[in-house]
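One structure is given below, encoded as structure tokens.
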Amino acid sequence: MFVGSGEFIGTPPRPVIAQSWQRCRDLGINPFMERAPTVLGPYEIEAILGGEDFGRAGKQVLDTFAQVVAGTGHVIVLADAQSRLVYSVGHRGVERMLERINFMPGAAWSETAAGSNGEGTPIALGRPEVVFGTEHYCRQWQPWVCYGCPVRGPAIGRVLGGVDISGPAKKVQTHTFALTVSIARSIEQLLSVFELQRRETLLTLSRGLERKWAREGILVVTESGRVADMNHAAARALGVQPSALRDAPLAELVPALWTPVQQSVESRSPREEGVMVRTPSGAEKTVLCRVEPVIREGRTLGSVVIFSDRPAASTGQRRVTVHGNPGPASTKYTFGDILGESPALRKALHLARAAARGSQLNPILIVGESGTGKELVAHAIHAESPRAQGPFVVVHCGALPRELVESELFGYAPGAFTGARREGQAGKFTAAHEGTIFLDEVDTMPMELQGKFLRVLEAGEVVRLGSATPVPIDVRIVAACSVDLRQRVEDGTFRLDLFYRLSAIEIFLPPLRERGDDIQILAAAFLERECAEAGKGPLAISPEAADRLRLYSWPGNIRELRNLCAHWTLTVEGPAVHLEHAPRHIREPIPDVDTDVGPGEGLRRVQETIIRRTLEETGVMWARLPDVWALPRRRFIVV
């Protein structure tokens with residue numbers, strides 16, 4: 001027997017299991033233990049689930065998948081970095097059976113506590129792994145099969161914990177391993193969202209310090225030690241462009257600053273230190289650096305470094321070398337081009353700006369009605385990101401012929417099909433290498449290509465049509481749709497796993513009708529631009545016209561407003577747009593269906609109003625016509 005001799009009799013297990021068993025034997029793990037030890041109490045578990053990002057994200061994702069695994073007779077458990085179980089969902093009967101071996105919240109399931117198992121072993125290895133039946137080191141765990149996957153943090157990639165799906169070994173299912181990995185990735189994506197939210201809060205709170213130190217250089221550092229933002233004064237102090245350090249690890253780029261930043265965060269108190277700064281040109285100067293921790297609701301979100309031109313003491317100076325000084329950015333639109341002050345828009349843009357500066361591995365999904373400015377926001381995200389110097393490729397998925405979508409997106413090899421170019425063609429993803437690709441109307445992508453698109457997201461490589469050789473790419477993906485992708489998933493026209501991968505960062509753009517005074521702000525800007533291009537004097541909007549614009553529903557959103565302003569530029573004589581210049585459907589909106597009458601009667605009244613106006617506007621008198629409702633319905637098509 002292996003426990004006694006250290007040698008396997010007969011066919012040895014897989015190498016990964018053999019190595020795990022050797023570790024367990026060296027640790028003196030009892031292979032005959034009947035229950036794993038309990039190491040956490042209810043209060044400690046609650047603190048992890050309610051107070052830590054990992055616990056909150058893991059609980060939220062496990063609750064989402066609870067019904068899926070319950071129907072297959074399995075249980076999902078969440079464990080922290082020490083492989084201590086903190087949460088469990090799934091089939092209640094299986095949960096009760098697993099409680100007999102203490103596979104439940106509070107128990108320790110690391111290899112050092114419970115031998116080889118599907119939770120502790122993957123966390124120890126740092127990679128997904130399956131432990132099947134007799135591969136468990138302890139005999140009591142051998143009736144079970146466990147599929148485990150570690151969960152890594154978004155900043156530096158360290159293992160924060162893991163998830164495990166367990167069930168009876170006789171019910172082994174091949175797809176369960178993939179589901180486990182998908183759940184772990186979903187937790188990682190949600191952790192990225194939490195980090196972005198904290199980052200945005202940090203930036204908001206740091207504004208107060210910017211006002212306090214109005215003339216000084218400001219460098220904002222996240223809790224994980226990355227540069228979140230800097231103003232131009234700080235950039236001048238360090239001799240770089242503002243985007244040079246953004247999202248970069250402070251410890252690598254400015255090592256001398258990292259120590260005082262750490263000390264300030266740990267002590268939760270300000271620190272001052274003289275720093276000798278060496279710029280890329282080789283010049284040196286001494287600046288005084290003050291580190292202010294940023295704390296909210298008892299949690300340190302990061303810190304702000306203030307660079308002062310005041311002379312600093314010569315003692316204790318740190319020498320700093322700053323690397324990198326990229327050239328000027330170029331893009332079509334920036335966040336400064338997006339007009340509006342409504343709270344819903346500001347919230348969306350705050351998240352978009354944070355996402356632009358955040359991890360470049362996470363896709364961004366922009367959701368909004370047609371005409372709300374999704375492409376404009378995508379341009380701004382690219383301009384704000386570290387990829388601003390790279391290409392920005394726009395793909396309107398809905399406009400591509402179905403038979404050409406694959407070759408357009410992924411490219412094709414030479415001679416891939418009749419009519420193909422002799423030298424082949426690189427696809428849009430390859431064209432966007434080291435930049436950003438914007439996939440508009442992503443919901444229209446054919447189902448047969450969604451799996452290949454998912455492969456691009458997961459592996460960072462494309463396979464051209466007619467080729468079997470993967471081509472590595474480095475692309476930030478921004479997708480957009482005007483419908484709720486969840487509905488597409490329910491309809492069976494969009495893959496669930498692709499939805500979860502795409503929606504790591506979901507930005508909702510409000511329709512124009514919900515933006516209040518923004519309507520007048522946008523109309524004034526459109527009129528100013530159109531009048532300048534037409535060589536006309538400025539046009540103002542009268543108060544009564546502005547009030548009516550605010551009440552209109554704007555089904556075409558900003559695009560409809562822009563077209564209306566172009567029309568006014570050509571047709572309005574005089575210095576102002578008045579109510580009579582507005583189209584009739586804006587001046588006199590169609591009334592809502594009266595809820596006090598039957599649904600058929602309410603619809604009839606709306607139809608009658610539409611037909612009456614259409615006839616009047618085309619010069620046909622209503623009174624000269626017979627009762628339209630007495631005529632056959634098939635003769636009337638209301639456009």
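This one's a predicted model, so the numbers in the text were calculated from it and none came from an experiment. Numbers here are sequence positions counted from 1. All values below were derived from every heavy atom in this structure, side-chain atoms included, with hydrogens, water molecules and symmetry-related copies excluded.
Among all heavy-atom pairs drawn from Leu509 and Thr372, the shortest one is CD1-O, 3.9 Å. The minimum heavy-atom distance linking Leu196 with Gly358 is given by the pair CD2-CA, 4.1 Å. Nearest heavy-atom pair across Trp554 and Arg513 is O-NH1, 4.2 Å. Ala383 and Thr334 get closest at one heavy-atom pair: CB-CG2, 4.0 Å. In terms of heavy atoms, Ala352 sits closest to Ile381 at O-CG1, 3.9 Å. Residue Gly390 comes nearest to His382 through the heavy atom pair O-NE2, 3.1 Å, listed as atom of the first residue, atom of the second, then distance.
Relative orientation of the Phe438 and Phe392 rings is parallel, given thresholds of 30° and 60° on the angle between their planes. Using the six-membered ring where Trp is involved, His578 and His581 have ring planes that are tilted, between 30° and 60° apart.
Checked by atom type and distance alone, the side chain of Lys374 pairs as donor or acceptor with a backbone atom of Glu369 at under 3.5 Å. Of the possible donor and acceptor atoms, one in the side chain of Ser542 sits under 3.5 Å from a partner among the backbone N and O of Val577. Although no hydrogens or angles enter the test, the distance criterion places no donor-acceptor pair under 3.5 Å between the side chain of Thr436 and the main chain of Ala432. Judged purely by atom type and a 3.5 angstrom limit, Asn557 has no side-chain atom pairing as donor or acceptor with the backbone of Pro511. In terms of modelled atom types and a separation under 3.5 Å, the side chain of Arg346 and the main chain of Gly340 share a donor-acceptor contact. Under a 3.5 Å cut-off, the side chain of Arg488 and the backbone N or O of Thr493 do not form any donor-acceptor pair. Looking only at distances, no side-chain donor or acceptor of Thr222 sits under 3.5 Å from a matching main-chain atom of Ala228. Remark: the backbone N or O of Cys397 is not paired with any side-chain donor or acceptor of Glu408 at under 3.5 angstrom. In this structure a side-chain-to-backbone donor-acceptor pair under 3.5 Å is missing from Glu441 to His396. Side-chain atoms of Gln450 come within 3.5 Å of backbone atoms of Arg495 as a donor-acceptor pair (strictly under, hydrogens ignored).
Checking Leu457, Leu485, Val442 one by one against Leu498, the side-chain contact (heavy atoms from CB on, under 4.5 Å) holds for a single residue, Leu457.
Expressed to the nearest 0.5 Å, how far CD1 of Ile306 lies from CD of Glu292 amounts to 5.0 Å. Rounded to the nearest 0.5 Å, atoms CG (Leu190) and CD (Gln60) are 4.5 Å apart. The CD atom of Gln189 sits 5.0 Å away from the CZ atom of Arg501 when rounded to the nearest 0.5 Å. If you take CD1 on Ile338 and CG on Leu522, they are separated by 11.0 Å, rounding to the nearest 0.5 Å. Atom CG of Leu512 sits about 11.5 Å away from atom CZ of Arg550, to the nearest 0.5 Å. Residue Leu202 holds its CG atom at 10.5 Å from OG1 of Thr300, rounded to the nearest 0.5 Å.
A salt bridge between Arg357 and Asp229 is present, with a side-chain N of the basic residue lying under 4.0 Å from a carboxylate O of the acidic one. Look at Glu195 and Arg226 and you find no salt bridge, because none of the NZ, NE, NH1 or NH2 atoms lies under 4.0 Å from a carboxylate O. Contact check on Arg199 versus Glu223 returns no salt bridge, with no Lys/Arg side-chain nitrogen under 4.0 Å from an Asp/Glu carboxylate oxygen.
More than 12 heavy atoms of other residues, nucleotides or ligands lie within 6.0 Å of CZ in Arg56, so this atom counts as buried by the packing criterion. Remark: Lys536 NZ is packed, more than 12 non-hydrogen atoms of other residues, nucleotides or ligands lying under 6.0 Å away.
Here the side chains of Val475 and Val456 are not in contact, with every heavy-atom distance at 4.5 Å or above. You'll find the side chain of Val367 stays beyond 4.5 Å of the side chain of Asp484, heavy atoms only. Residues Lys452 and Met445 form no side-chain contact, since every pair of their non-hydrogen atoms from C-beta on lies 4.5 Å or further apart. Side-chain contact check for Leu549 versus Ile586: some heavy-atom pair is nearer than 4.5 Å. Side-chain contact between Ile477 and Phe429 is present, with at least one heavy-atom pair separated by less than 4.5 Å. Between His350 and Lys347, the closest side-chain pair of non-hydrogen atoms is not below 4.5 Å. Using a 4.5 Å cut-off on side-chain heavy atoms (C-beta onward), Val483 and Phe494 make no contact. Side-chain contact between His379 and Asp337 is absent, with no heavy atoms from C-beta onward closer than 4.5 Å.
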For this session: Output, in order, the C-alpha distance, side-chain angles, deciding distance and verdict of side-chain contact (heavy atoms from CB on, under 4.5 Å) for Glu514 and Ser342.
Result: CA-CA 8 Å; Glu514 296 178 3; Ser342 70; over 6 Å; no
Exercise. Given the rule in the side-chain contact (heavy atoms from CB on, under 4.5 Å) test, do Leu351 and Phe508 qualify, once you have shown the distances and angles that lead to the verdict?
Worked result: CA-CA 10 Å; Leu351 178 57; Phe508 294 92; over 6 Å; no
For this session: Run the numbers on Ile364 and Arg476 for side-chain contact (heavy atoms from CB on, under 4.5 Å), then give the verdict.
Result: CA-CA 9 Å; Ile364 299 173; Arg476 178 71 182 272; 3.0 Å; yes
Problem set entry | Residues Asp474, Arg387; criterion side-chain contact (heavy atoms from CB on, under 4.5 Å); working and verdict | CA-CA 10 Å; Asp474 175 18; Arg387 299 172 178 267; 2.6 Å; yes
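Asp497 and Ser182 are not linked by any side-chain donor-acceptor pair at a separation below 3.5 angstrom, with hydrogens and angles left out of the test.
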